[in-house]
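To find a chain, count down the sequence lines: A is the first, B the second, and so on, and within it residues start at 1. As the structure is a computational prediction, the values presented were derived from the model and not from experiment.
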There are 2 protein chains.
Amino acid sequence: MEIKAASTNLAALGHATRLAIFRLLVQAGPEGVNAGLICDKLKLAPATLSFHLAHLSRVGLIRGRQDGRFIFYAADYAAMDALLAFLTDNCCQGAQCLPKTAATAAPPKRRRTAAARQSRQRSE
Amino acid sequence: MEIKAASTNLAALGHATRLAIFRLLVQAGPEGVNAGLICDKLKLAPATLSFHLAHLSRVGLIRGRQDGRFIFYAADYAAMDALLAFLTDNCCQGAQCLPKTAATAAPPKRRRTAAARQSRQRSE
DNA sequence: TCCATATTTCAAGTATTATCGAAATAACGC
DNA sequence: GCGTTATTTCGATAATACTTGAAATATGGA
């Protein structure tokens, strides 16, 4: 993922209402929740909800699936995962990473030896 | 972390320039980088950089430490960690979480047995 | 003290985003 | 087809955020 996509995703989540929607979907699981239910749970005007759902869909963080008159929205876990990976990618130069970040600090493809890491310090 | 703080943090990262700054600091490690150097690396007008550094500081994602005429900015790894935890908190009801998300899906304090999870489905 | 350097604050212009009533679209059951 | 329900699109308004030149502040060295 490059920076433009990542910042677009983060901006989409950087709004209390959209974050609440996304979180609800993340916690709801892959089956998703239909728009009307989200409306009720979060007490939003339909037009407002629709605006935010469209935004989250456009950036790829959620997907809608039509089922009769309902549209079920679900979090796109792969997109979320890519976003988390981007944030923690190559983080903190092997220093004191904390629990969540530590888990993803050095993805296999980019792992380097301590020696190699050493030799690149202060360069560029 | 509650939703307001989380969305504020995410909004701060939801801008290509600020995300680039944050990422640079995350990868630079705890010692940080001084403002002028960030300016050079990212080719930003000083006033623009200052605006974004202030924004990131205000929400708590980075900290500045004065050292002579320089101010070194460093990522606040704890804040970043709290943010990642918020996003993945109680995610996806035990379903098909992916690599990064899976690592943090069920923090010890909130872990539940499969049976307990089962009995709560479709309720609320 | 005076100059140079590092960084921030101010101010003003520009651009983007959020909200929501009302109207439009779409799908179902009768 | 017709009424009903679910959701989106439109349009207008309001609010917020971004950029940057210029001026201000702060630090260190001569």
Side-chain angles (χ1 to χ4, degrees), chain A residues 3-25 28 31-76, chain B residues 3-25 28 31-76:
Chain A
I3 200 157
K4 196 67 220 270
S7 67
T8 302
N9 278 6
L10 289 164
L13 296 176
H15 186 277
T17 301
R18 276 195 301 270
L19 182 56
I21 294 167
F22 183 70
R23 196 149 198 259
L24 188 136
L25 297 181
E31 282 137 60
V33 180
N34 67 289
L37 230 173
I38 303 175
C39 246
D40 291 351
K41 292 212 187 198
L42 302 182
K43 311 236 165 66
L44 298 169
T48 303
L49 175 67
S50 199
F51 170 82
H52 290 306
L53 287 174
H55 191 155
L56 287 166
S57 288
R58 180 158 20 88
V59 306
L61 282 166
I62 68 175
R63 324 184 86 86
R65 156 181 55 88
Q66 183 123 21
D67 181 4
R69 268 179 297 185
F70 300 86
I71 300 181
F72 283 80
Y73 284 94
D76 185 319
Chain B
I3 201 157
K4 197 66 219 277
S7 67
T8 302
N9 279 5
L10 290 163
L13 296 175
H15 186 276
T17 302
R18 275 194 302 270
L19 182 55
I21 294 168
F22 184 69
R23 196 149 197 262
L24 187 131
L25 296 182
E31 281 136 60
V33 180
N34 66 289
L37 231 172
I38 303 175
C39 245
D40 292 351
K41 292 212 185 197
L42 302 182
K43 309 234 165 68
L44 298 169
T48 303
L49 175 68
S50 198
F51 171 83
H52 291 306
L53 287 174
H55 192 155
L56 288 166
S57 287
R58 179 157 23 86
V59 306
L61 283 166
I62 68 174
R63 323 184 87 83
R65 155 181 57 87
Q66 184 123 20
D67 182 4
R69 269 180 296 186
F70 302 87
I71 300 181
F72 283 80
Y73 284 94
D76 185 319

Check: Which whole-number value in Å describes the distance from B:His55 NE2 to D:dC18 C1'?
Finding: 11 Å

Notebook entry, point to check: So, for B:Ala45 and B:Cys39, which heavy atoms are closest and what is the spacing to 0.1 Å?
Noted result: C-SG, 4.3 Å

Margin query: Using C1' atoms of five pairs at each end, report the bend of the helix from C:dT1-D:dA30 to C:dC30-D:dG1 rounded to 10 degrees.
Written below: 30°

Notebook entry, point to check: Under a 4.0 Å heavy-atom cut-off, which of residues 57-68 of chain A touch DNA chain C?
Noted result: A:Gln66, A:Gly68

Next item on the list: Mind listing the residues from residues 8-18 of chain B sitting with a heavy atom below 4.0 Å of DNA chain C? Number order is fine.
Entry: none

Check: Excluding sequence neighbours, so at least two apart, what forms side chain to side chain contact (heavy atoms under 4.5 Å, CB included) with B:Leu42?
Finding: B:Ala20, B:Ile21, B:Leu24, B:Ile38, B:Leu44

Margin query: With a 4.0 Å cutoff (strictly under), does any side-chain N or O of B:His52 reach OP1 or OP2 of D:dA17?
Written below: no

Margin query: Looking at every non-hydrogen atom in both residues, tell me the closest pair between A:Val33 and A:Ala28 and how far apart they are.
Written below: CG2-CB, 3.5 Å

Next item on the list: State the CG-CG distance between B:Asp40 and B:Asn34, to the nearest 0.5 angstrom.
Entry: 8.5 Å

Notebook entry, point to check: What one-letter contact string describes nucleotides 7-16 of chain D from 5' to 3', where B marks a base within less than 4.0 Å of any protein heavy atom, S marks contact via sugar-phosphate atoms alone, and - marks no contact?
Noted result: SBB-------

Check: When rounded to the nearest 0.5 angstrom, what is the spacing between CG in A:Leu10 and CG in B:Asn9?
Finding: 10.5 Å

Notebook entry, point to check: Just by modelled atom types, is the B:Gly68 backbone N or O under 3.5 Å from a matching donor or acceptor in the B:Gln66 side chain?
Noted result: yes

Check: So, for B:Ala12 and B:Leu61, which heavy atoms are closest and what is the spacing to 0.1 Å?
Finding: CB-CD1, 4.2 Å

Give every donor-acceptor pair under 3.5 Å between a side-chain atom in residues 48-59 of chain B and any protein atom, sequence neighbours left out.
from, atom 1, to, atom 2, distance (Å)
B:His52, ND1, B:Arg18, NH1, 3.1
B:His55, ND1, B:Arg18, NH1, 3.1
B:Ser57, OG, B:Leu53, O, 3.1

Notebook entry, point to check: Do you know which two heavy atoms are closest between A:Gly64 and A:Ile71, and how far apart they sit?
Noted result: CA-CG2, 4.1 Å

Note to self: Which heavy atom of A:Gly32 sits nearest to which heavy atom of A:Ala74, and what is that distance?
What the structure shows: CA-CB, 3.8 Å

Item checked: Gap between atom CD1 of B:Ile62 and atom OH of B:Tyr73 - 0.5 Å precision -> 6.5 Å

Note to self: From CG of A:Leu44 over to C1' of D:dA6, roughly how many Å is that when rounded to an integer?
What the structure shows: 16 Å

